[in-house]
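When reading the values below, keep in mind they use all heavy atoms of this one structure, side chains included, and skip hydrogens, waters and symmetry mates. Throughout, residue positions are numbered sequentially from 1 according to the sequence presented. Atoms within each ligand, like the ligands themselves, are counted from 1 in listed order. Note that this is a predicted model, so its numbers are computed, not measured.
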Amino acid sequence: MKSLETYTKAKLDAIDAKAQRRFLFDHSRSADMSATRESWGQIVSFTDNDYLGLSTDPAVIDAAQKAMAQYGAGAGASRLVTGNHPLHRDLEKKIAQMKGTEDAVVFGSGYMANTGVIPTFLGKQDVIFADELIHTSLHAGIKLSGATVYFFNHNDCDHLKELLRQYRHQYPHAMIVVDGVYSMDGDMAPLKKQGQIAKVFDCWLYSDDAHGFGVVGGGKGSTVAQEAEGLIPFQMGTLSKAIGSYGGYLAASHAVCELLRSRSRSLIYTTALPPAVIAASIRSLEIIETDKERIQRPVILAQRFADALNLPNPTTPIVPLIMGSEEDTLAASKSLADQGYLAWAFRPPTVAPGTSRLRFCFSATHSDAQVDGLIQACLSIGLLA
Ligand SMILES: *Cc1c(COP(=O)(O)O)cnc(C)c1O
């Protein structure tokens, strides 16, 4: 179709002109955070969300292999039909226990959890107050709900209260939507304060803890790290980051989870996760519950790196270095890659215009020598805050 090709090529040209074109490179990961990357060769990755190295942990792989050998490669159907392997119940029980909730529901991914949960509870007559930096998948869930949305300035509780005073009373139901840990900045939401505000204004607080579960709050996530237990009726997260596997979840009351099982479209109309993936998640959570040293290491390494580069002291394993322009960020990322270190260049629309940045993620399986090598490489190209 000529019109389609013309339209698409013009779109791509516009993306190229803004230095926002994205490419997929083959990337084979190994257990120690090193990898072989197409056109670059051997490289140490500071870009993975595998904060605890559990995706390559022998015990996790073993659990997955055993489950696959025993139960097969795929789930066969939706969880609502014949895909609800008993391992699902074990995983949901474990998540609920770690999150301190009555129940939990496992979804195919974090993205699917966010797009499936929000529209189950809010419709176009309702209202959402969301932090301006929430994850894209939350925007998708909000859009699907049809609710009116007001954005408050990042982590700004006064601005949130101002919006609530002005608009909350016009709608029957209201939700406050935040990330527990912000993936592009590495800071946490003030969940306790937000939870107290939510109570006063009769709003349901929804926190996406994709980057907190497994690494902060003794592994239990940002709710515990921020002392907000009992204040967050919707605790969402993913099994694909620190947990090293795949899938998303919502930890909540039994009634909330039951409504999802009957009404959430991204749970009902999609095939269940493969049993091997569920088994891997269960094994990972068992490791997180017992191996305290492993949980603490990513943040310790992030702090060591930030200290060496005069950056603010991080409380999560994510350290951003904001450079501004797309071109400067890409050039810095390329210079580090030439020295064998992978640090991703994040550009608009993933981040706000003018705030392109390198983002460094630290993992428990990085060696001290790898982190020191990264520090030297950063200093050698003048990356000092
Ligand atoms: C990665 C991420 C998601 C999506 O989770 P997946 O399981 O990868 O689909 C959702 N929210 C946040 C904040 C994330 O960082």
Next on the checklist: Could you check whether D57 pairs with R283 (Lys NZ or Arg NE/NH1/NH2 to Asp/Glu carboxylate O, under 4.0 Å)?
Outcome noted: no
Item to check | R304 with D372: basic N within carboxylate O range, under 4.0 Å | outcome: yes
Distances under 3.5 Å, N/O of ligand 1 against N/O of the protein: list each pair and its distance.
residue	atom	partner	partner atom	Å
ligand 1	7 (O)	G110	N	2.7
ligand 1	7 (O)	T238	OG1	2.7
ligand 1	7 (O)	S240	OG	3.2
ligand 1	8 (O)	S240	OG	3.3
ligand 1	9 (O)	G110	N	3.2
ligand 1	9 (O)	Y111	N	3.0
ligand 1	11 (N)	H135	ND1	3.3
ligand 1	11 (N)	D208	OD1	3.4
ligand 1	11 (N)	D208	OD2	2.5
ligand 1	15 (O)	H211	NE2	2.7
ligand 1	15 (O)	K241	NZ	2.6

Checklist entry - Side chain of R261, backbone of L267: donor and acceptor closer than 3.5 Å? => result no
Item to check | Polar side-chain atom of D50 near backbone of S55 as donor-acceptor pair, under 3.5 Å | outcome: yes
Item to check | Y150 and F129 aromatic ring geometry - parallel, tilted or perpendicular at 30°/60° bounds | outcome: parallel
Checklist entry - Among T271, T270, N84, which one satisfies side chain to side chain donor-acceptor pair (under 3.5 Å) with R79? => result N84
